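All of these numbers come straight from a predicted model, not from anything done at the bench.
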Amino acid sequence: MSDRAPVVAVDGPSGSGKGTVSRALATRLGWHFLDSGALYRLVAHAALDRGVALDNEAGLADLARHLEVRFDTDSDRIWLGDKEVSLAIRSEAAGDAASRVAALPGVREALLRLQRDFQTAPGLVADGRDMGSVVFPEAEVKIYLTASAGERARRRHNQLKEKGIEADMAELVAAIEARDRRDMERPVAPLKPAEDAVVLDTSGLDIEGSIEAALGIVRQRLAIT
């Protein structure tokens, strides 16, 4: 029997609910949490802040290797060094920049070790787009969350509105569809379900329903109550 900490890998496109579901799973299981998407947003944020071009692969990889990041699962707050950047990295511009950064092999390789360092006892819930296929291919549970582009845009609009950020629905749908295409077509770690992942469509589910459905999958796969 392996001594390594178990992993629940939750993948899916932007706006599918994987962040909310993953945090809830981590809280209910009492496990650690990794928001891998935030890591790419943090690299993009640091790059924009320090004047590193988003096509400067070597410069971006260097930033990625030296990230000092901390997640607070309970409050959904994220720190880069001693600076809280939770709101700054959640803008549409930051998300678009992160998607471009994530397509660079050097950046992905630089962040691979950092992501795997989160796998500590008693266990890890990892949220991202290649957690089950690339970062944690031996994860005990792999869930691929998805939802229609329109539903994901609606959720994103509500999230931004709650944070006082104005956004146009049509623009959000277009941005989500463009990001999906870019993520699915990138040559390195394209967005797709791992072969042994359970696909969970959350289009017709509210937040609690999505969490309960995912928790049911975890309980079944790990044989826990």
Report task. Output yes when a side-chain donor or acceptor of Glu57 lies under 3.5 Å from a complementary backbone atom of Gly106, and no otherwise. Result -> yes
Query raised in the report: Considering residues, nucleotides and ligands other than Ile207, do more than 12 of their heavy atoms fall under 6.0 Å from its CD1?
Result: no
Query raised in the report: Looking at CG of Leu34 and CG of Asp127, how far apart are the two atoms once the value is rounded to the nearest 0.5 Å?
Result: 7.5 Å
Query raised in the report: Any idea which heavy atoms bring His45 and Val85 closest together, and the distance?
Result: NE2-CG1, 3.9 Å
**Report entry** Option from Arg179, Arg186, Arg182 for which side-chain hydrogen bond (donor to acceptor under 3.5 Å, both in side chains) with Ser99 holds
**Finding:** Arg182
**Report entry** Check: Lys161 and Ile165 side chains under 4.5 Å, non-hydrogen atoms
**Finding:** no
Query raised in the report: Are any side-chain N or O atoms of Ser16 and backbone N or O atoms of Gly12, one a donor and one an acceptor, separated by less than 3.5 Å?
Result: no
Query raised in the report: Do you reckon Leu145 sits in the same ILVMFWY cluster as Tyr40, going by side-chain contacts under 4.5 Å, direct or chained?
Result: no
Query raised in the report: Are any side-chain N or O atoms of Asp130 and backbone N or O atoms of Ser133, one a donor and one an acceptor, separated by less than 3.5 Å?
Result: no
Query raised in the report: Is the side chain of Gln115 donor-acceptor paired with the backbone N or O of Leu111 at a distance under 3.5 Å, no angle test?
Result: yes
Query raised in the report: Looking only at heavy atoms, what is the nearest atom pair of Glu140 and Leu222, with distance?
Result: CB-CD2, 3.7 Å
Query raised in the report: Any donor-acceptor pair under 3.5 Å linking the side chain of Arg23 with the backbone of Phe33?
Result: no
Query raised in the report: Are Arg108 and Leu112 close enough, and set up right, to give a side-chain contact (heavy atoms from CB on, under 4.5 Å), and what steps lead you there?
Result: CA-CA 6 Å; Arg108 303 194 73 86; Leu112 190 58; over 6 Å; no
Query raised in the report: How about Glu68: does its CD atom have over 12 heavy atoms from other parts shown lying under 6.0 Å from it?
Result: no
Query raised in the report: Roughly how far, to the nearest 0.5 Å, is CG of Leu63 from CZ of Arg65?
Result: 9.5 Å
Requested in this report: Using modelled atom types only, decide if a donor and an acceptor are shared between the side chain of Arg70 and the backbone of Ile78 within a distance under 3.5 Å.
Outcome: no
Query raised in the report: Closest heavy-atom contact between Leu80 and Ala46?
Result: CD2-CB, 4.3 Å
Query raised in the report: Under the 3.5 angstrom rule, does the side chain of Arg156 hit a backbone N or O of Leu172 as a donor-acceptor pair?
Result: no
Query raised in the report: So does Glu109 have more than 12 non-hydrogen atoms from other groups sitting under 6.0 Å from CD?
Result: no
Query raised in the report: Within the side chain of Lys142, is there an N or O that forms a donor-acceptor pair under 3.5 Å with the backbone of Val198?
Result: no
Requested in this report: Return the minimal non-hydrogen interatomic distance between Arg155 and Thr202, and the atom names on each side.
Outcome: NH2-O, 2.6 Å
Query - Close side-chain approach of Leu200 to Thr146, heavy-atom, < 4.5 Å - result: no
Report task. For residues Gly123 and Ala5, report the shortest heavy-atom separation together with the two atoms involved. Result -> CA-CB, 4.1 Å
Requested in this report: Take Leu124 and Phe136, measure what side-chain contact (heavy atoms from CB on, under 4.5 Å) needs, and give me the verdict at the end.
Outcome: CA-CA 10 Å; Leu124 173 68; Phe136 300 107; 3.6 Å; yes
Query raised in the report: Do other residues, nucleotides or ligands put more than 12 heavy atoms under 6.0 Å from the CD atom of Glu84?
Result: yes
**Report entry** Within 6.0 angstrom of Asp82 CG, more than 12 heavy atoms from elsewhere
**Finding:** no
Query raised in the report: Hey, is Asp183 close enough to Lys192 for a salt bridge, meaning N to O under 4.0 Å?
Result: no
Query - Which atom of Val7 lies closest to which atom of Ala139, heavy atoms considered - result: O-CB, 3.7 Å
Query - Single-linkage hydrophobic cluster, 4.5 Å side-chain cutoff, Trp79 and Leu42 together - result: no
**Report entry** Basic-acidic side-chain contact under 4.0 Å: Asp35, Arg90
**Finding:** yes
Query raised in the report: Is a side-chain N or O of His32 found less than 3.5 angstrom from the main chain of Gln119, in a donor-acceptor match?
Result: no
